[in-house]
Enquirer: 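Sharing a structure with you now.
Note that the coordinates shown come from a computational prediction; the quantities given were computed from them, not determined experimentally. One-based numbering, in listed order, for ligands and for the atoms of each.
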Amino acid sequence: MSTISDLQLVPPSVALPPETEELRAEVRDFLAKELLDGRFVPRCDVWLSGWDERFSRELGARGWLGMTLPTEYGGHGRDALARYVVTEELLAAGAPVAAHWIADRQIGPSLLRFGTETQKQRYLPRIAKGECYFGIGMSEPDSGSDLASVRTKAVRVDGGWQLTGTKVWTSGAHHAHAFFALARSAPVEDGNRHAGLSQFIVELDSPGVEIRPIKLLTGAHHFNEVVLDGVFIPDDLVLGEIGSGWHQVTSELAFERSGPERFLSTFPLLVALVGELSSAGERLGTAGLRDLGALVSRVWTLRRLSLGIASSLSSGAPADVPAALVKDLGTRYESEVIEAARLLVDVPPDPGAEGGFARLLAEAILHAPGFTLRGGTNEILRGVVARGMGLR
Ligand SMILES: Cc1cc2nc3c(=O)[nH]c(=O)nc-3n(C[C@H](O)[C@H](O)[C@H](O)COP(=O)(O)OP(=O)(O)OC[C@H]3O[C@@H](n4cnc5c(N)ncnc54)[C@H](O)[C@@H]3O)c2cc1C
């Protein structure tokens, strides 16, 4: 059993190479111009709700998607830290990044690692151009935290597999071209539920796929229930090895849990809060200054941890335990920004406001319930951390 002292809960810290500052300046210039031209309005939780295909294609044209993918697949052969700089700038600005987010963050790396040559050629160049969007087909109505209990069934048929089951909370499925579905391809034997699972690339316009909207608290249509009714998946759309779905999905989750989107969903509100306090000349008092200072210093700490993981992941080192830590600490932090904004400024949240603090506050409040759930709940993540520390 590993002990706490053996464990690398916090990966070594990483200094950003000087050339990334040039890249950061380019991204900032681009964002400033987009804002000036009225092409987007800063929002909270943009990586989930800011679907804008034009914006994604613009990023693709600038080489800011598929950055770590090899050039032979349309990528840019850059390192994880360069990608990190781009993504953190986009999130901090509240720019509309949802369309490409899942494809760029986890589908590209998974295809690169587990996909066939044909699959790589088919999807990666379009992902890097910001033209191909993916969803995540993991959760089911009775299977969220306990993902190994998925009941979507894959049955072997001539030339491929037939998928039947229901996926739920599928972000962006109504716009996306495809998702990776986790399905049971062989019955559980000897109580080993992690065996017999497989991943399939499901093109969402295939016969037998029905996408039903589930509305958010805001009334917005963001996620869906996706019913798979005997959907035929040809052999060339099996991802990786049949039976290796659990291993593949868990390696995908490390990409999903550790990025800056796990603590920057409410960053535009933090910026607006600081602006509100300075423009209103509000007297914060010592307690208010302390609260604001704590928020700023914590975002810095979370970023440092998350950057270290980005670097570990790119070198192939396992990072699932620290990734769970970032997501737990980061998503709680996102809600604390909302709390501070409510307490420090006397402006009521208003989803209909033109822009600025009142609208950002309203959006953040309405989106907050999902922060600690999506990508694995915080209770589950604390279990991952405890196991990693040898405590369970
Ligand atoms: C905004 C949003 C977007 C999402 N997008 C996607 C998506 O695109 N694709 C996708 O596949 N899924 C998506 N999800 C689903 C998400 O991954 C699940 O909601 C999550 O994994 C939890 O599963 P569940 O909702 O079934 O809750 P449950 O697993 O039923 O959990 C209910 C409660 O019980 C607690 N609990 C459960 N088991 C334990 C345990 N062993 N120990 C302690 N506590 C426990 C949980 O922490 C939680 O508080 C999304 C969710 C949200 C909120």
Side-chain angles (χ1 to χ4, degrees), residues 43-51 97-107 110 133-152 163 165-183 193 197 199-202 204 209 211-228 239 245-246 248-250 252-257 259 261-262 265-266 323-324 327-328 330-332 334-335 363-387 391-392:
R43 290 189 176 278
C44 283
D45 210 18
V46 275
W47 63 277
L48 192 95
S49 55
W51 194 284
V97 293
H100 65 264
W101 196 260
I102 290 167
D104 182 63
R105 174 182 68 183
Q106 67 201 80
I107 302 297
S110 276
Y133 316 120
F134 269 78
I136 303 170
M138 294 189 198
S139 305
E140 297 188 2
D142 295 314
S143 182
S145 303
D146 185 15
L147 191 57
S149 70
V150 288
R151 287 196 296 202
T152 293
L163 257 59
T166 301
K167 294 291 172 182
V168 78
W169 316 126
T170 322
S171 305
H174 53 309
H175 298 303
H177 298 97
F179 71 9
F180 287 176
L182 181 70
R193 297 183 314 143
L197 292 168
Q199 278 188 302
F200 300 87
I201 304 172
V202 181
L204 291 168
V209 176
I211 299 171
R212 301 173 179 161
I214 303 174
K215 295 280 169 75
L216 289 181
L217 271 178
T218 56
H221 177 191
H222 152 72
F223 49 25
N224 304 272
E225 181 180 62
V226 180
V227 180
L228 306 171
L239 180 72
W246 186 256
Q248 293 173 199
V249 119
T250 45
E252 194 181 316
L253 284 172
F255 284 94
E256 195 181 329
R257 289 176 172 162
E261 70 273 32
R262 298 304 181 179
S265 303
T266 52
K327 191 180 171 282
D328 180 20
T331 54
R332 280 192 279 152
E334 293 178 329
S335 288
E363 276 169 13
I365 290 172
L366 291 166
H367 282 240
F371 294 168
T372 56
L373 297 175
R374 56 191 181 193
T377 69
N378 284 24
E379 290 75 17
I380 295 300
L381 297 173
R382 282 172 216 156
V384 171
V385 174
R387 196 176 306 112
L391 297 175
R392 60 188 285 251

Enquirer: State, without any angle test, whether Glu334 and Ser265 hold a side-chain donor-acceptor pair at a distance under 3.5 Å.
Expert: yes
Enquirer: Does the N or O separation between Ser143 and ligand 1 drop below 3.5 Å for any pair?
Expert: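 No, since none of the N or O atoms of Ser143 sits under 3.5 Å from an N or O of ligand 1.
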Enquirer: Are Thr152 and Glu140 linked by a side-chain donor-acceptor pair shorter than 3.5 Å?
Expert: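 Yes, Glu140 and Thr152 have a side-chain donor paired with an acceptor closer than 3.5 Å.
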Enquirer: As a check for students: among Trp169, Phe134, Phe179, identify the option with a heavy atom nearest to atom 50 (C) of ligand 1.
Expert: Trp169
Enquirer: Measure from atom 21 (O) of ligand 1 to the protein's non-hydrogen atoms and state whether any distance is below 4.0 Å.
Expert: yes
Enquirer: For ligand 1, is there an atom lying under 4.0 Å from some heavy atom of Gly375?
Expert: yes
Enquirer: Among all protein heavy atoms, pick the one closest to atom 37 (C) of ligand 1 and tell me residue, atom and distance.
Expert: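 Result for atom 37 (C) of ligand 1: Ser145 OG, 3.6 Å.
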Enquirer: Looking only at protein heavy atoms, identify the closest one to atom 23 (O) of ligand 1 and say how far it is in Å.
Expert: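 Scanning the protein heavy atoms, the shortest distance from atom 23 (O) of ligand 1 goes to Gly144 CA, 3.2 Å.
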Enquirer: Does the side chain of Ser143 pick up a donor-acceptor pair with the side chain of Ser149 at under 3.5 Å?
Expert: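 There is such a pair between these side chains.
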Enquirer: Mind checking what makes ring-ring contact (aromatic ring centres under 6.0 Å, His included) contact with Phe200, not counting sequence neighbours?
Expert: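 Applying ring-ring contact (aromatic ring centres under 6.0 Å, His included) to Phe200 gives Trp161.
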Enquirer: Between His222 and ligand 1, does any nitrogen or oxygen pair lie at a separation below 3.5 Å?
Expert: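 No.
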Enquirer: How far apart are the closest heavy atoms of Thr266 and Phe371, and which atoms are they?
Expert: CG2-CE1, 3.7 Å
Enquirer: Could you measure the distance from the OG1 atom of Thr331 to the CD atom of Glu261? Nearest 0.5 Å is fine.
Expert: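 The CD atom of Glu261 is 11.5 Å from OG1 of Thr331, to the nearest 0.5 Å.
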Enquirer: Quick one: nearest non-hydrogen protein atom to atom 2 (C) of ligand 1, plus distance?
Expert: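 Atom 2 (C) of ligand 1 sits closest to the protein heavy atom Phe223 CE2, 3.4 Å.
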Enquirer: Would you mind listing which atoms of ligand 1 come within a distance below 4.0 Å of any non-hydrogen atom of Leu373?
Expert: 20 (C), 53 (C)
Enquirer: Any protein heavy atom under 4.0 Å from atom 33 (C) of ligand 1?
Expert: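 Looking at atom 33 (C) of ligand 1, one finds that no protein heavy atom lies closer than 4.0 Å.
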Enquirer: I'd like the name of whichever of Thr377, Asp45, Asn224 reaches closest to atom 47 (O) of ligand 1 through any heavy atom.
Expert: Thr377
Enquirer: Between Trp101 and Tyr133, is the ring centre distance below 6.0 Å?
Expert: no
Enquirer: Taking N or O atoms only and a 3.5 Å limit, does Gly137 qualify as a polar contact for ligand 1?
Expert: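 There is no such contact.
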Enquirer: Looking only at distances, please establish whether an N/O atom of ligand 1 is found under 3.5 Å from an N/O atom of Glu140.
Expert: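 No, since none of the N or O atoms of Glu140 sits under 3.5 Å from an N or O of ligand 1.
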Enquirer: Does an N or O from Glu379, backbone or side chain, lie closer than 3.5 Å to an N or O of ligand 1?
Expert: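 Min N/O separation from ligand 1 is below 3.5 Å for Glu379.
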Enquirer: Hey, is atom 15 (C) of ligand 1 under 4.0 Å from any protein heavy atom?
Expert: yes
Enquirer: Any carboxylate oxygen within less than 4.0 angstrom of a Lys/Arg side-chain nitrogen, looking at Arg262 and Asp328?
Expert: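 No, Arg262 and Asp328 are not salt-bridged.
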Enquirer: Of the protein's non-hydrogen atoms, which lies at the shortest distance from atom 9 (N) of ligand 1, and what is that distance?
Expert: Ile136 O, 2.8 Å
Enquirer: Quick one: nearest non-hydrogen protein atom to atom 17 (O) of ligand 1, plus distance?
Expert: Ser139 OG, 3.4 Å
Enquirer: With sequence neighbours left out, what residues match Thr166 under side chain to side chain donor-acceptor pair (under 3.5 Å)?
Expert: none
Enquirer: Got a protein heavy atom sitting under 4.0 Å from atom 30 (O) of ligand 1?
Expert: no
Enquirer: Do any nitrogen or oxygen atoms of Ser171 come within less than 3.5 Å of a nitrogen or oxygen of ligand 1?
Expert: yes
Enquirer: Show me which atoms of ligand 1 lie under 4.0 Å from any heavy atom of Thr170.
Expert: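 What qualifies from ligand 1 is 7 (C), 8 (O).
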Enquirer: Val385 and Ala324: which non-hydrogen atoms are nearest, and at how many Å?
Expert: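 Closest approach of Val385 to Ala324, heavy atoms only: CG2-CB, 4.0 Å.
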Enquirer: Which of the numbered atoms in ligand 1 are below 4.0 angstrom from a heavy atom of Met138?
Expert: 11 (O)
Enquirer: Heavy atoms only, cut-off 4.0 Å: how does Asn378 contact ligand 1, side chain, backbone, both, or neither?
Expert: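 Asn378 to ligand 1: no contact under 4.0 Å from either part.
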Enquirer: Could you walk me through whether Trp47 and Arg105 satisfy the side-chain contact (heavy atoms from CB on, under 4.5 Å) test, starting with their C-alpha distance in whole Å, then the side-chain angles of each, then the deciding distance to 0.1 Å, before giving a yes or no?
Expert: CA-CA 11 Å; Trp47 63 277; Arg105 174 182 68 183; 3.6 Å; yes
Enquirer: With a cut-off of 6.0 Å (strictly less than), are more than 12 heavy atoms of other residues, nucleotides or ligands near CZ of Arg151?
Expert: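 Atom CZ in Arg151 is not packed in, count stays at 12 or less.
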Enquirer: Closest heavy-atom contact between Gln248 and Leu239?
Expert: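 Of all heavy-atom pairs spanning Gln248 and Leu239, the closest is NE2-O, 3.1 Å.
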Enquirer: Below 3.5 angstrom, do we get any N/O pair linking Leu48 and ligand 1?
Expert: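 Among all N and O atoms of Leu48, none is under 3.5 Å from an N or O of ligand 1.
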Enquirer: Would you say that His222 contacts Leu48 through its side chain, given a criterion of any heavy-atom pair below 4.5 Å between the two side chains?
Expert: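 Touching, per the 4.5 Å side-chain cut-off.
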Enquirer: Look at atom 41 (N) of ligand 1 and find which of Ile380, Leu253, Leu216 reaches it with the closest heavy atom.
Expert: Ile380
